[in-house]
Protein chains: 2
Amino acid sequence: MKDDRLIFLIFTAQNKLRTYLNNALVAANVRVTFVQAGILFLLKQSNGRTMSDLSQLIGVDNSTLTGLVDRLEKVGFVARQASPTDRRSLLIQVTPEGIAEGDKAKMIIKRVNEEIKTGFPPEEMEIFKKILRSFFEKFNKNTGSRSEDG
Amino acid sequence: MKDDRLIFLIFTAQNKLRTYLNNALVAANVRVTFVQAGILFLLKQSNGRTMSDLSQLIGVDNSTLTGLVDRLEKVGFVARQASPTDRRSLLIQVTPEGIAEGDKAKMIIKRVNEEIKTGFPPEEMEIFKKILRSFFEKFNKNTGSRSEDG
DNA sequence: AACAAAAAGTTAGTATGCCAAATGTTTGCC
DNA sequence: GGCAAACATTTGGCATACTAACTTTTTGTT
């Protein structure tokens with residue numbers, strides 16, 4: 001009962017955060033979710049990235065990105081364009097509406113980011129981030145199996 | 001680019017952890033996911049809890065719990081039973097197989113819990129947990145809206 | 001040049017998760 | 001006792017997210 005709670009704590013805290021954040025976006029009449037906004041930010045920074053680039057940058061599987069881009073495309077915030085150099089690839093273009101919506105989302109996201117930090121000194125936040133970052137080495141693309149039996 | 005990354009970091013780290021953990025469970029031939037295992041633990045502790053009790057304890061919406069219990073019931077790890085005192089309520093009973101499966105899951109979960117902590121002194125883990133716990137006050141059941149305009 | 005292997009995207013299937021709405025039951029108030 | 005409000009659960013709709021399998025195209029090897 002003592003420390004089995006770590007994973008549970010992470011999961012539950014993230015659930016609360018996600019719900020709060022997406023509700024805040026809806027309340028501000030933003031028409032994209034947090035994850036979708038991430039795509040818009042990346043495309044504002046550098047338009048015409050490929051699907052694979054985007055999925056790597058936001059850290060999701062290619063197949064997850066397909067759905068994300070589908071939804072963004074349906075509402076006209078991005079468009080898929082054939083790559084002139086590689087016929088397997090698609091270049092994703094953000095539209096002016098997409099950029100505007102991303103900017104709206106950014107305000108809310110910045111605010112919630114600040115809310116996370118309130119009440120804690122910077123050193124503690126650094127530790128928090130350091131531990132989270134360690135997950136990328138520890139849990140990245142590895143089945144987590146030790147020497148599995150048959 | 002500096003600290004907009006906090007939320008992103010939390011989301012992505014949790015994704016890595018979840019995927020790693022569920023893959024570890026599959027690799028160990030455990031037939032339940034992490035979240036399902038949480039239900040089995042709670043029922044082993046105290047059998048016959050209601051749906052509402054369970055959803056509160058694991059911190060998900062009632063409607064999410066419906067699906068979780070559906071899946072556990074389908075494979076025979078729990079059973080729904082009518083409450084004798086309140087005809088609205090269902091009492092969820094864990095089966096011996098469910099308890100056994102929960103025990104199998106617990107070993108893996110304990111191991112991953114330890115993996116999270118490796119490399120960090122206890123004081124840092126305490127800070128980590130403290131910040132996560134703050135999410136429950138900050139982000140609990142509140143739309144996150146400030147004074148939204150029309 | 002031929003052919004295998006790798007890479008880019010999509011699709012299908014499954015599992016969380018939320019919200020809103022619907023159903024049935026119980027409570028509280030008069 | 002009657003009726004509105006609250007509660008317990010489910011359903012339907014949507015959004016992530018993964019894995020596995022599939023198609024098309026490119027690369028790498030001989």
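Nothing here was measured: the structure is a model prediction, and the numbers come from that model. Throughout, a chain's letter reflects where its sequence line sits, starting with A, and its residues are numbered from 1.
- Counting non-hydrogen atoms under 4.0 angstrom, B:Arg18 reaches the backbone sugars and phosphates but no base.
- Nucleotide C:dT14 holds its C1' atom 15 Å from the CZ atom of B:Arg31, rounded to whole Å.
- Looking at heavy-atom distances under 4.0 Å, B:Thr66 makes contact with a base.
- D:dT10 atom P lies 13 Å from atom CZ of B:Arg71, rounded to whole Å.
- Remark: the backbone N or O of B:Val60 is not paired with any side-chain donor or acceptor of B:Thr64 at under 3.5 angstrom.
- Contact annotation for B:Leu65: no contact, since no heavy-atom pair falls under 4.0 Å across all strands.
- Between the P atom of D:dA8 and the CD atom of B:Gln56 lies a distance of 8 Å, rounded to the nearest Å.
- Straight-line distance from the CD1 atom of B:Ile39 to the P atom of C:dA15: 13 Å, rounded to whole Å.
- B:Asp70 places its CG atom 11 Å from the C1' atom of D:dT9, with the value rounded to the nearest Å.
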Sub-3.5 Å pairs of nitrogen or oxygen atoms, protein against nucleotides 4-7 of chain C:
| unit_1 | atom_1 | unit_2 | atom_2 | d |
| --- | --- | --- | --- | --- |
| C:dA7 | N3 | A:Arg88 | NH1 | 3.1 |

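- What separates CD1 of A:Ile7 from P of C:dT16 is a distance of 15 Å, to the nearest Å.
- For the pair A:Arg5 and A:Phe8, the cation-pi criterion (under 6.0 Å, within 45° of the ring axis) is fulfilled.
- Looking at heavy-atom distances under 4.0 Å, B:Thr50 makes contact with sugar-phosphate atoms alone, never a base.
- If you take CZ of B:Arg87 and C1' of D:dT10, they are 18 Å apart, rounded to a whole angstrom.
- Applying the ring pair (Phe, Tyr, Trp, His ring centres under 6.0 Å) test to pairs two or more places apart or on separate chains, none has a residue in residues 63-114 of chain A.
- Phosphate contact (OP1/OP2 of C:dT16, side-chain N/O of B:Gln36, threshold under 4.0 Å): present.
- Contact between the side-chain N/O atoms of B:Thr64 and the OP1/OP2 oxygens of C:dG17 is not found at any separation under 4.0 Å.
- Taking only side-chain nitrogens and oxygens, B:Asn23 comes nearer than 4.0 Å to OP1 or OP2 of D:dT19.
- Projected onto DNA chain C by closest heavy-atom contact, A:Asn15 and A:Asp53 fall at different nucleotides, the more 5' of which corresponds to A:Asp53.
- Annotation: salt bridge (Lys or Arg N to Asp or Glu O under 4.0 Å) contacts involving residues 74-96 of chain A, sequence neighbours excluded, comprise A:Asp70-A:Arg80, A:Glu73-A:Arg80, A:Asp86-A:Arg88.
- Taking only side-chain atoms of A:Asp86, from C-beta outward, the nucleotide of D:dT25, C:dG9, C:dT25 with the closest atom is D:dT25.
- Neither OP1 nor OP2 of D:dT9 sits under 4.0 Å from any side-chain N or O of B:Arg80.
- Grouping the Ile, Leu, Val, Met, Phe, Trp and Tyr side chains by contacts below 4.5 angstrom, directly or via other members, places A:Val26 apart from A:Leu72.
- The ring pair (Phe, Tyr, Trp, His ring centres under 6.0 Å) contacts involving residues 94-128 of chain B comprise A:Phe128-B:Phe128, where partners must be two or more places apart or lie in separate chains.
- Residue contacts shown for A:Asn62 include a base, since a base heavy atom lies under 4.0 Å away.
- Atom CD1 of B:Ile92 is separated from atom P of D:dA8 by 13 Å (rounded to the nearest Å).
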Review item, side-chain donor-acceptor pairs of residues 31-41 of chain A, under 3.5 Å, at least two apart:
| unit_1 | atom_1 | unit_2 | atom_2 | d |
| --- | --- | --- | --- | --- |
| A:Thr33 | OG1 | A:Gln36 | N | 3.3 |
| A:Gln36 | OE1 | A:Thr33 | N | 3.4 |

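- Listed by first and then second residue, the salt bridge (Lys or Arg N to Asp or Glu O under 4.0 Å) pairs involving residues 32-52 of chain B are B:Lys44-B:Asp103 (not counting sequence neighbours).
- Counting atom types as modelled, B:Thr33 pairs no side-chain N or O with a base atom of C:dT16 as donor and acceptor under 3.5 Å.
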